[in-house]
There are 2 protein chains.
Amino acid sequence: MDDHTTEADFEHLLRGADLRVTRPRLAVLRAVRRHPHADTGSVLVAVRLEEPAVSHQAVYDVLGVLAESGLVRRIQPAGSVARYELRVGDNHHHAVCRSCGEVADVDCAVGVRPCLDASDTHGFVIDEAEVTYWGTCPACSTDRTRSQSSTTEGTR
Amino acid sequence: MDDHTTEADFEHLLRGADLRVTRPRLAVLRAVRRHPHADTGSVLVAVRLEEPAVSHQAVYDVLGVLAESGLVRRIQPAGSVARYELRVGDNHHHAVCRSCGEVADVDCAVGVRPCLDASDTHGFVIDEAEVTYWGTCPACSTDRTRSQSSTTEGTR
DNA sequence: CCAGCAATCTTGACTCGTTCAAGAAAAGCG
DNA sequence: CGCTTTTCTTGAACGAGTCAAGATTGCTGG
């Protein structure tokens, strides 16, 4: 639950990115640290636990600039809203549950930069390869086994 | 521009998937064939060129069932709306332009099923690995070179 | 070839994540 | 300690996608 990144660390991160240090920004960073892969709404709720006066727009703005500055990473699996995480810099990937949307970190087996070498990129200048693993999370796997009958399951 | 898939082929595809053959569905299939990676709005416009009376809801429904049945593939890069393509069955990937959203097909260099072997999936049962290459398309690369001064460039 | 059922489509309202805009607040500089 | 610029608040708006109810239409069996 708790983490070792100190308040001062966050302050350094912000200053290092030429961003002003504000209460909303620190609160957002703390929220994202506590809730990896949280969507904007969850971040907003978490932020307001410590800073009740922060507007939803501020959270959108903050997450936006933090993502642009590379302090947080924004992920957005198909069919899901935007989610955020603090873990940046290491090219890791994500497993997404098709039924509940749960996200888990996955270190690429191949090592750093998985299959960044695409054969023919049609002239595109590629700077990043993102891998998303689709499947079923442990919780949903169990549910499925139990209520085997459920018809409408696969996609949607 | 034109394609070799005949009307009869589409009919077979639909019947094979236990789907009724309707004018809207055939029109959607033709539209997706003509416009690979088109979003729903573009598909709607294309459909109405031949079937003016088709509702937007019908297009959503049709694209939905076609995707569920595996007759079309739905892709949705972060920050983009849903896009569709006919090319299914071969595990190919996509290059997405960060500046204009253009999408191009990319055959994975590693062969079939790229890095589907994730090291630790935290108990997730993975059934698919999706790779998205992020970069700049040829057109946008050229633009960038020309107007080198542009400051706000990177993301967004 | 036609009746009947179920799947599909039309119409129109509505949700929800996200963005836009304008003015108030506060961070950091000199 | 003011000033300038960034950041935040407030409140409205946008747009992709969804929901719901009733009208149509595809397909099956007689």
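Values below: every heavy atom of this structure, side chains too, minus hydrogens, waters and symmetry copies. Throughout, protein chains are lettered first and strands after them, A, B, ... in sequence-line order, and every chain is numbered starting at 1.
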If you check every side-chain atom of A:Ala58, which of C:dT18, D:dC8, C:dT10 has the closest atom?
-> D:dC8

Counting heavy atoms not belonging to A:His12, are there more than 12 under 6.0 Å from its NE2?
-> no

Looking at the side chain of B:Asp61, which of D:dT10, C:dT10, D:dC27 is the nearest nucleotide?
-> C:dT10

With the threshold set at 4.0 Å, does a side-chain nitrogen-carboxylate oxygen contact exist between B:Glu128 and A:Arg98?
-> yes

Among the candidates C:dT8, D:dG11, D:dT7, find the nucleotide nearest to the side-chain atoms of A:Arg25.
-> D:dT7

Ionic contact status for B:Arg83 with B:Asp105, cut-off 4.0 Å = no

For the base of D:dT5, is there a side-chain donor-acceptor partner from A:Arg20 under 3.5 Å away?
-> yes

Cut-off 3.5 Å, side chains only: do B:Glu102 and B:His37 have a donor facing an acceptor?
-> no

Candidates D:dT10, D:dA16, D:dT18 - which lies nearest the side chain of A:His56 = D:dT10

Give A:Arg15 one of three labels, base, sugar-phosphate or nothing, depending on what nucleic acid heavy atoms sit under 4.0 Å from its own.
-> sugar-phosphate

Please tell me which of A:Thr22 and A:Thr40 maps to the more 5' nucleotide of DNA chain C, matching each residue to the nucleotide holding its nearest heavy atom.
-> A:Thr40

Nucleotide nearest A:Val21 when distance is taken to its side chain, options C:dT18, D:dC8, C:dG28 | C:dG28

